[in-house]
Amino acid sequence: MSTRRRGKAIGAGALALVAAVIATSLGVAGAGAGEQSAFALPRAQTFYMSGSQWSPYGDVNPAKTWDYSTGTIGLAYETAFRFNPLTGAFIPWLATGGNWRTNSVYVMNIRRGVKFSDGKTLTPGDVKYSFDLLKAPTHPQNALWASTGLKTVKVVGNTVVFTFAGKPGYQQFDFYRYNVAIVPRHVFSKYSTTELMTGNLDADNIVGTGPYAYVSGASSTAQTFVWQRRAGWWATKALGLRPAPRYVVDIHNSSNQAALANFQAGNIDLFNNFAPRSAIKGKFKTFFNKAPYHLGANTTWLFPNTTKKPLNDPQFRRALAYSINMNQILDKAYQGLVDKASPTGLLPIWSKWVDKKVVAKYGFSYNLNRAKAILAAAGYKDTDDDGYVENKDGSDISLKIQCPNGWSDWMTSIQVIAESAKAAGIKITPGYPDYGTLVDDRGHARYDLVLANDRQYSNTPWTYYQYIFQLPILDNQTTVNYERFSSPKAWALTQQLDRTPTTNTKAYRAVMSKLQTTFLQNLPAIPLWYNGMWAMFNTTYWTNWPSATGGKYTPTAWNNYWQMTSIDMLTHLKPAKGN
Amino acid sequence: MWRYLFRKVSIYVVTFVVAVSIDWAIPRFMPGDPIQGLLSRMQAQPQASEELTSFYTEAFGFDVPLWKQYLNFWAALFQGDLGLSITNYPIPVTELIMGALPYTLALLVPAILLSFWAGNKVGALAARRKTLDNTVLPMSYVLTATPQMWLGIILAWVFASSLALFPVSGAYGFALQPEWSVEFARSFLHHWILPFSALFLVAFGGWAIGMRNLIIYELEADYSNYLASLGAPTRLVRKYAYRNALLPQITGLALALGAVVAGAIVVEIVFSYPGLGTLTLNAIENRDYFLIQGIFLFLITGVLIANLVIDIAYVFIDPRTRVGMQGGA
Amino acid sequence: MAVSDRDAAVVPTGAPAPSLETTATTAPGGGRPLAAAPLRGRSEFRYFALRNWKFVVGLGVVLAFFVLALVGPLLTDNTPFEFSGPTDQAPSSEYWFGTTSFGQDVFAQFVYGLRAAFLVGVLGGGIAWLLGAAVGFTAGYRGGWVDDVLNMLTNVVLVIPTLAILIIVAAYINVHSYATEAILIGLTSWPWAARAVRAQTFSLKTREFVDVARLSGRGTRQIITTEIAPNMSSYLLMMFILLFGGAILIGASLDFLGLGPSASMSLGLMMNNAFLSSALLLGTWWWFVPPGLGIIAIVGGLYVMNVGLDEIFNPKLRET
Amino acid sequence: MSLKVDGLTVYYQSLRGDVKAVDGATFEIADGEIMGLAGESGCGKSTLGKSLVRMDARMRYVDGRVELDGKELPVWDDRKMNPYRFKHVSIIPQYALSALNPTRKIGTMATELLASRDIPLNGVVDEFKRRLKIVGLPEDVLERFPIELSGGMKQRVVMVLSSLLDPSLLIADEVTSALDVSTQRAVSELLVEFRDRGFVKSMIVITHDLSVLYQIADTILVMYAGKLAEKAPAETVVHAPAHPYTRMLISSLPEVGVRYAEKRLIGIPGRPPSLLEPPTGCRFKTRCPLAFEKCAEEPPFVEVAPGQAAACWKATA
């Protein structure tokens with residue numbers, strides 16, 4: 001009997017508990033921001049952003065360029081220069097300037113009066129130390145030492161002198177000028193080499209020159225990574241700059257879907273995830289107020305595996321390029337959110353180097369008849385009447401096109417490519433392996449066709465040509481030349497470009513023309529569209545966002561963009577009225 | 001009783017050894033090289049690739065013969081060391097799992113226990129009562145046939161996206177950090193309700209049906225008829241039937257754990273809940289072999305332990321396990 | 001076999017067991033009936049079947065969707081992936097289930113998805129059924145060390161979380177077809193069936209007719225197929241139905257996680273696409289509601305049909 | 001008169017119609033009488049026994065009255081019947097071996113049962129123990145689970161429990177059939193002892209085993225196909241049966257009364273009629289060697305000799 005009553009009591013208790021839980025949690029929705037907790041951040045002074053961190057917290061090691069929490073370089077550590085990809089200008093930052101004293105000696109002037117967050121002054125010694133760190137062969141940026149001809153970095157007075165052997169890789173060096181984090185020697189010298197290259201540095205011990213300091217989030221369980229504005233940033237005094245948000249919070253993404261939900265709910269201010277166009281409405285704004293709405297950030301390429309038949313045939317690749325219905329991709333997959341890429345694949349900021357004559361001669365665009373004609377002329381015929389062309393030896397052609405699973409816009413795009421290639425008689429089926437598998441297969445040439453867009457905005461088209469042409473080809477092509485296009489001539493031209501200073505316009509233009517000709521004649525990769533620098537702004541809490549008509553800065557929290565111009569976005573933001 | 005427990009434990013030990021071995025073998029014999037995957041992720045410059053390969057080969061312990069790797073794996077296992085994550089190198093896998101575990105447990109444990117409790121109660125109530133049976137039963141069938149992720153999506157659509165009563169994703173508000181405070185607790189609960197409900201409702205349907213069918217058997221059993229013949233009130237007859245019907249349900253609970261865990265994985269993904277499910281999907285997408293391996297091992301160990309606990313509890317609940325070793329009655 | 005061994009109770013993976021659990025349990029206390037003495041003849045089955053609303057409704061729903069899966073693709077000119085129309089259209093007379101945000105026809109996706117569901121269900125459930133029956137009969141009939149080994153194997157596979165294994169395996173070997181997916185599901189979801197069959201075989205093998213068959217010198221396989229299995233036919237049928245439904249649910253989960261075949265449409269993949277495209281945030285409900293309802297209808301129909309069968313074969317369960 | 005049954009008619013519901021299992025049963029049992037109830041399986045004897053205590057879900061009361069100790073038993077109403085069960089009318093079920101909840105200790109189960117009937121425990125529990133001793137069971141069976149007892153022990157526990165409240169009428173349904181021969185004898189002797197000690201006032205012992213009844217019963221009631229065939233003192237039934245069915249039943253047994261029969265009732269050619277649609281007239285007529293035209297009419301169950309009643313035209317003639 002008593003057990004029965006006890007049972008009832010437990011039952012009633014459990015029901016009451018569930019009811020209470022629902023009631024209290026609903027209360028939260030109503031309660032709003034009024035209540036304070038030790039960690040609760042004030043909404044009006046906090047800048048929430050998403051789209052950068054796609055796995056649990058990794059580290060704050062600036063050497064781990066693929067892994068560090070966003071802002072590690074840009075908000076905490078800074079670089080000697082910054083680069084504005086929208087204007088192509090270098091911006092002096094921790095360095096006040098620099099110049100080539102000779103063809104192979106570069107002198108960098110270090111800014112005086114810059115203090116690290118622990119109060120110690122930034123010295124040219126710190127800058128030298130930071131560049132010297134890249135000497136370790138396991139350092140991801142080791143190419144500065146390995147392939148530009150850099151021999152020594154020395155401190156001379158208030159300058160740092162870079163001495164090169166032979167013709168320096170100007171283009172690469174320029175890239176590193178704004179991509180090497182300047183770190184405090186007095187802190188970093190306590191770390192072991194292994195820690196510095198591959199380890200996780202202590203987040204509580206970030207000593208940087210930047211405007212923000214670490215607050216929380218350095219744990220694999222954190223949902224967010226929180227930066228707090230610190231007093232005494234050098235640029236406030238030197239340049240009159242002060243970032244508006246007191247807190248900058250990066251939200252870890254689990255999916256675009258979840259991020260969009262939070263953006264719509266007003267929990268995110270800067271949304272750097274991909275979202276369908278219909279999400280842009282009301283108080284949610286973008287850089288352009290009409291199509292394509294977003295800036296382009298990089299070129300999306302279609303990489304054919306040039307070691308496989310028939311993709312080893314430039315004529316076949318050309319036919320494939322003609323068969324792609326780009327407008328349908330822009331329409332269906334992106335609803336007009338992106339622009340078609342130039343046949344050269346070069347980003348709009350490099351358009352001044354595009355040789356229009358070359359493009360007119362060798363360029364391509366969607367044209368089914370041309371595609372069919374090229375196929376026929378090259379000897380690809382449909383010998384068994386199945387609607388698809390066969391190899392020259394009569395064997396079937398059946399290609400597979402892949403992109404990472406879950407990248408919904410790309411998934412749709414490759415479906416379009418498969419469909420429109422079919423119309424030209426090329427049999428292609430789409431596939432969506434997980435990202436890891438795809439990377440592995442791509443590196444080891446176990447694929448037919450893949451999409452990739454690794455190379456972002458940079459100071460130089462050299463990064464694009466290196467991406468396409470770099471030799472030698474290794475067992476695993478982890479970063480470049482996925483298509484395994486082996487052309488010593490093209491690679492030599494690329495290296496020649498590296499060794500040509502941008503200021504030598506005539507020589508530069510000549511090399512660029514040759515590169516474009518080689519590229520378009522061979523089409524080792526097919527440029528498709530400019531993938532967007534996805535950025536939606538919630539104007540409820542912050543205004544004065546970057547825009548085509550206002551401040552031309554990169555509106556993104558993605559890594560490497562802070563030291564381009566994303567930091568300017570923060571210094572130009574204004575709190576919305578009433579907040 | 002001891003023989004019973006011994007048999008159980010030996011099954012679990014064998015299961016564990018087999019599972020650990022499979023687990024160890026997966027990243028080593030499946031196509032694809034974890035270190036090359038890491039290098040790809042790093043976007044390592046080609047010049048550095050050789051250096052990095054040997055560095056990481058050593059760091060992950062791939063530089064010794066296979067049999068030795070296998071033994072090392074066991075040795076490390078007993079020290080709670082599941083290796084290092086690839087995507088989050090050099091964070092230990094254990095740390096990542098431990099970070100996600102509380103969230104998964106916070107969903108799973110209440111969902112399992114409450115659904116078991118409520119499902120059994122409602123199922124027992126419905127059995128042999130026409131109107132209740134005709135409403136509860138069809139509803140339960142719909143629930144048990146519902147894919148959890150779909151229920152999650154529907155709940156998110158209705159209650160979060162349309163009515164804006166609950167958040168769609170995450171485990172707590174972005175303005176907060178995990179801590180023991182009322183505000184955090186409320187935010188946590190607010191985020192917890194929907195994913196919990198998705199898990200709870202589906203499991204609830206299953207238990208209700210199971211109990212409803214089991215208790216009908218028990219109510220038809222001889223001992224129930226005897227009790228009724230001696231004038232025992234329905235209350236007592238149903239109580240006995242319920243208790244006895246509960247026994248196979250408890251067995252079912254142990255076996256259903258695997259399925260519930262699976263449900264939690266998809267539900268977490270729908271709600272971006274930062275538990276093991278989301279971690280698993282991340283690990284798979286990034287081919288983080290050691291993390292996948294660790295989670296898998298963890299899930300198996302968890303399910304095994306839960307099974308063992310239920311087995312031991314069962315000895316106390318069902319007298320027949322204690323005294324019935326002489327064989328069939 | 002100790003009656004009190006709780007191994008005897010079984011739960012299918014996926015959903016906690018509908019009624020099979022009850023019939024599969026060898027009775028605590030020893031008295032529970034073996035599921036159903038076979039009904040005498042087809043006419044008697046038909047007699048009870050037609051009077052059982054659960055069986056009739058369940059079967060009706062499943063058949064209706066089966067027919068839709070068969071003829072559905074003929075009703076539309078569009079294929080599932082084809083970008084045939086305007087984007088994000090609500091259901092209309094032209095697009096019965098509306099369009100996706102890529103302009104694909106949801107109805108076309110749905111009916112092709114139904115085909116995949118039936119394929120995975122029948123094939124995956126069938127493989128699990130064969131394996132479960134083979135292992136269960138062998139273990140139950142042979143006994144001794146064969147039983148010990150098979151039982152251990154069963155327990156090992158039973159305890160390991162199936163979806164976890166599937167996720168891992170599916171992540172490593174790329175699943176290209178629903179047949180592959182079904183095989184994977186079949187290979188992992190047989191254990192509870194094996195256990196149930198084993199328990200039943202145990203109790204059947206001591207029956208007289210089996211003794212007679214044995215004395216007359218017939219082989220093991222022959223005895224199992226001609227004497228034991230027919231006496232469990234109703235039971236085996238219900239087991240298949242549950243495995244069928246379970247396979248559909250597991251398959252849907254895999255497809256939702258993006259681990260299934262991607263070149264052809266399934267209901268799980270529809271949910272995956274809709275989810276990834278934030279359909280629930282943009283309010284395009286027609287994209288993600290149908291696939292779930294389709295699964296519920298088929299699987300729920302199967303389960304309800306199963307309860308009906310249980311009642312038909314097992315008079316004690318019939319409604320009074 | 002302890003029990004008076006008048007025209008009791010109980011049907012079994014099946015999907016194919018009513019099975020007329022007990023059709024117009026009329027008889028009486030005197031105080032202290034042990035009445036045997038015999039017949040082939042399926043003749044309705046168990047249904048009759050059960051309907052006096054508790055009809056199961058598929059049984060349907062159709063007609064008739066039952067009186068116990070002068071008070072009417074509401075056998076048609078499951079609820080109203082409850083106060084009488086256990087206290088006034090009780091049953092040792094056919095399935096005594098599985099009648100005990102397997103997961104409850106016997107003592108616990110008994111006390112919970114008693115408590116649920118609002119019967120004060122003090123006294124009753126002691127009496128329970130005392131009676132267990134009488135049937136030869138140690139007191140500590142109360143602390144045991146059913147699975148720890150042998151078949152015979154369980155049988156005796158159920159006997160003691162069922163009769164614990166000294167009911168006026170105890171129905172013992174096939175109590176011996178599941179037991180081996182030596183236990184059968186002991187158990188049947190216990191039934192007599194229960195009566196003699198006054199634990200029960202009167203008793204209906206249902207069995208198909210006439211030899212058991214010959215040992216313990218005062219009177220025997222024979223049923224055939226849902227109808228009463230004959231009721232008479234045990235001696236009379238065995239030695240001077242009036243109904244041809246009884247006669248054939250007796251003659252099919254080897255050496256009745258000398259030793260317990262080990263053979264079941266076989267011997268009578270033909271099969272009993274279906275009770276879904278029983279034939280009109282005498283239901284035995286198709287198997288009866290004496291059948292004649294009159295048998296197309298239903299024979300009444302009337303006294304054919306002092307203390308002997310039968311339903312047969314030949315017996316009354």
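Not measured: the values here are computed from a predicted model. Chain A is the first sequence line, chain B the second, and so forth, proteins listed ahead of strands; every chain is numbered from 1.
Both the backbone and the side chain of Ala171(B) come within contact range of chain A, judged by heavy atoms closer than 4.5 Å. Heavy atoms closer than 4.5 Å to chain A are found in the side chain of Phe55(B), but not in its backbone. Using a 4.5 Å cut-off between heavy atoms, Leu236(B) makes no contact with chain A at all. Residue Tyr172(B) touches chain A through both its backbone and its side chain, counting heavy-atom pairs closer than 4.5 Å.
Among Asn262(A), Thr194(A), Asp59(A), the residue with the largest count of heavy-atom pairs under 4.5 Å with chain B is Asn262(A). When Asn253(A), Thr224(A), Ile251(A), Leu438(A) are compared by the number of non-hydrogen pairs under 4.5 Å with chain B, Ile251(A) comes out ahead. Interface check for chain B: of the options Ala259(A), Ala261(A), Ala222(A), Ala258(A), the most heavy-atom pairs under 4.5 Å are formed by Ala258(A).
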(Q) The test is side-chain hydrogen bond (donor to acceptor under 3.5 Å, both in side chains); show your working for Asp454(A) and Tyr467(A) and say whether it passes. (A) CA-CA 9 Å; Asp454(A) 309 76; Tyr467(A) 185 55; 2.4 Å; yes
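There is no side-chain donor-acceptor pair under 3.5 Å between Tyr447(A) and Arg442(A). A side-chain donor-acceptor contact under 3.5 Å links Asn453(A) and Asn298(A). Donor-acceptor pairing under 3.5 Å is lacking for the side chains of Asp63(B) and Thr57(B). Gln141(A) and Thr65(A) share no donor-acceptor pair across their side chains, judged by distance under 3.5 Å alone. Donor-acceptor pairing under 3.5 Å is lacking for the side chains of Gln470(A) and Thr494(A).
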